[in-house]
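Positions are given from 1, in the same order as the sequence printed here.
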Amino acid sequence: MSKSLFHESLIHPEPPAHFSVLLKSLWYDKKGDWKKAHDLVDQLPGVDAAWVHAYLHRKEGDIWNADYWYARAKKMRPSHTLVVEWEELMNHFIKKIH
């Protein structure tokens, strides 16, 4: 899996079946479906899911809720853009595949 393959998959109506649920969430977010992205991570345990959840609430503009999820992810809310954070998330989860 590579970043370019991830981006190429965005032309399809559904994410590839082999994507993790966290990559699928990022995929739907990139496609503009925040609700679907959020629904995928809303009840997932773990720090990785919490990080995606935090990012999504930050994007939504619900900073209090985002900060709660960043704390669950053991991270601080970043000062860089949402675009940069999305790339960090994608890179993190793609690396986990290898």
Side-chain angles (χ1 to χ4, degrees):
M1 176 55 130
S2 68
K3 293 190 296 185
S4 62
L5 288 175
F6 183 96
H7 286 289
E8 289 170 14
S9 76
L10 293 167
I11 65 168
H12 301 290
E14 298 288 326
H18 69 276
F19 276 17
S20 70
V21 67
L22 299 174
L23 278 174
K24 286 179 182 178
S25 177
L26 294 173
W27 188 93
Y28 280 109
D29 177 63
K30 192 64 154 179
K31 295 277 280 190
D33 192 342
W34 184 94
K35 182 177 179 344
K36 179 76 171 181
H38 182 265
D39 288 350
L40 287 171
V41 299
D42 191 35
Q43 300 297 318
L44 289 181
V47 295
D48 283 344
W51 185 17
V52 175
H53 205 159
Y55 157 81
L56 289 168
H57 282 293
R58 178 177 172 227
K59 183 174 186 178
E60 178 190 34
D62 187 353
I63 299 305
W64 180 91
N65 202 359
D67 286 345
Y68 167 81
W69 287 103
Y70 282 116
R72 299 266 316 253
K74 300 180 178 16
K75 295 191 174 293
M76 298 293 296
R77 178 174 14 109
S79 59
H80 50 260
T81 68
L82 290 164
V83 171
V84 170
E85 186 177 14
W86 186 93
E87 289 286 330
E88 287 176 347
L89 285 158
M90 182 195 57
N91 289 331
H92 176 75
F93 297 121
I94 285 175
K95 285 178 186 171
K96 286 191 155 213
I97 292 172
H98 301 293

- Rest of the hydrophobic cluster containing Tyr68 (Ile/Leu/Val/Met/Phe/Trp/Tyr, side-chain heavy atoms under 4.5 Å)? Trp69
- Task: Decide whether Leu82 and Val41 are clustered together by the hydrophobic rule: side chain heavy atoms of Ile, Leu, Val, Met, Phe, Trp, Tyr closer than 4.5 Å, transitively.
- Result: yes
- Heavy-atom side-chain proximity of Asp39 to Ser25 below 4.5 angstrom: no
- Residues Arg58 and Ser79: closest non-hydrogen pair is NH2-C, 4.5 Å
- Taking all heavy atoms of Met90 and all of Leu26, pick out the closest pair and write down the distance. N-CD1, 3.7 Å
- Item | Nearest non-hydrogen partners of His12 and Lys31, listed with the distance | O-NZ, 3.0 Å
- Query: Closest heavy-atom contact between Ser9 and Phe6?
  - Reply: OG-O, 2.6 Å
- Message: Before you tell me yes or no, could you show the steps for Met76 and Tyr70 under side-chain contact (heavy atoms from CB on, under 4.5 Å), namely the whole-Å CA-CA distance, both residues' side-chain angles and the distance that decides it to 0.1 Å?
- Response: CA-CA 6 Å; Met76 298 293 296; Tyr70 282 116; over 6 Å; no
- Message: For the NZ atom of Lys35 and the CG atom of Leu56, what is their distance to the nearest 0.5 Å?
- Response: 12.5 Å
- Leu10, Leu22: one ILVMFWY side-chain cluster at the under-4.5 Å cut-off? yes
- All side-chain hydrogen bond (donor to acceptor under 3.5 Å, both in side chains) counterparts of His80, not counting sequence neighbours: Glu88
- Message: Do Val84 and Ile63 land in one hydrophobic cluster if side-chain heavy atoms of ILVMFWY residues count as linked below 4.5 Å?
- Response: no
- Item | salt bridge (charged side-chain N to carboxylate O under 4.0 Å, His left out) against Asp67, all qualifying residues, sequence neighbours excluded | Arg77
- The side-chain hydrogen bond (donor to acceptor under 3.5 Å, both in side chains) partners of Lys30 (sequence neighbours excluded) come to none
- Note on the structure: Asp33 meets the salt bridge (charged side-chain N to carboxylate O under 4.0 Å, His left out) criterion, sequence neighbours left out, with none
- Which value, rounded to the nearest 0.5 Å, describes the distance between Ser4 atom OG and Glu8 atom CD? 5.0 Å
- Check step by step if ring pair (Phe, Tyr, Trp, His ring centres under 6.0 Å) holds for Phe93 and Trp86. CA-CA 11 Å; Phe93 297 121; Trp86 186 93; over 10 Å; no
Acceptor/donor pairs from residues 47-55 side chains to any protein atom, 3.5 angstrom cut, sequence neighbours excluded:
| from | atom 1 | to | atom 2 | distance (Å) |
| --- | --- | --- | --- | --- |
| Asp48 | OD1 | His92 | NE2 | 3.2 |
| Asp48 | OD2 | Lys96 | NZ | 2.6 |
| Trp51 | NE1 | Glu85 | OE2 | 3.2 |
| His53 | NE2 | His38 | NE2 | 3.0 |
| His53 | NE2 | His57 | NE2 | 3.2 |
| Tyr55 | OH | Asp29 | OD2 | 2.6 |

- Message: Does Lys36 qualify as a cation-pi partner of Tyr28, given the criterion of NZ or CZ under 6.0 Å from the six-membered ring centre and within 45 degrees of its axis?
- Response: yes
- To the nearest 0.5 Å, tell me how far Lys59 NZ sits from Trp34 CH2. 10.0 Å
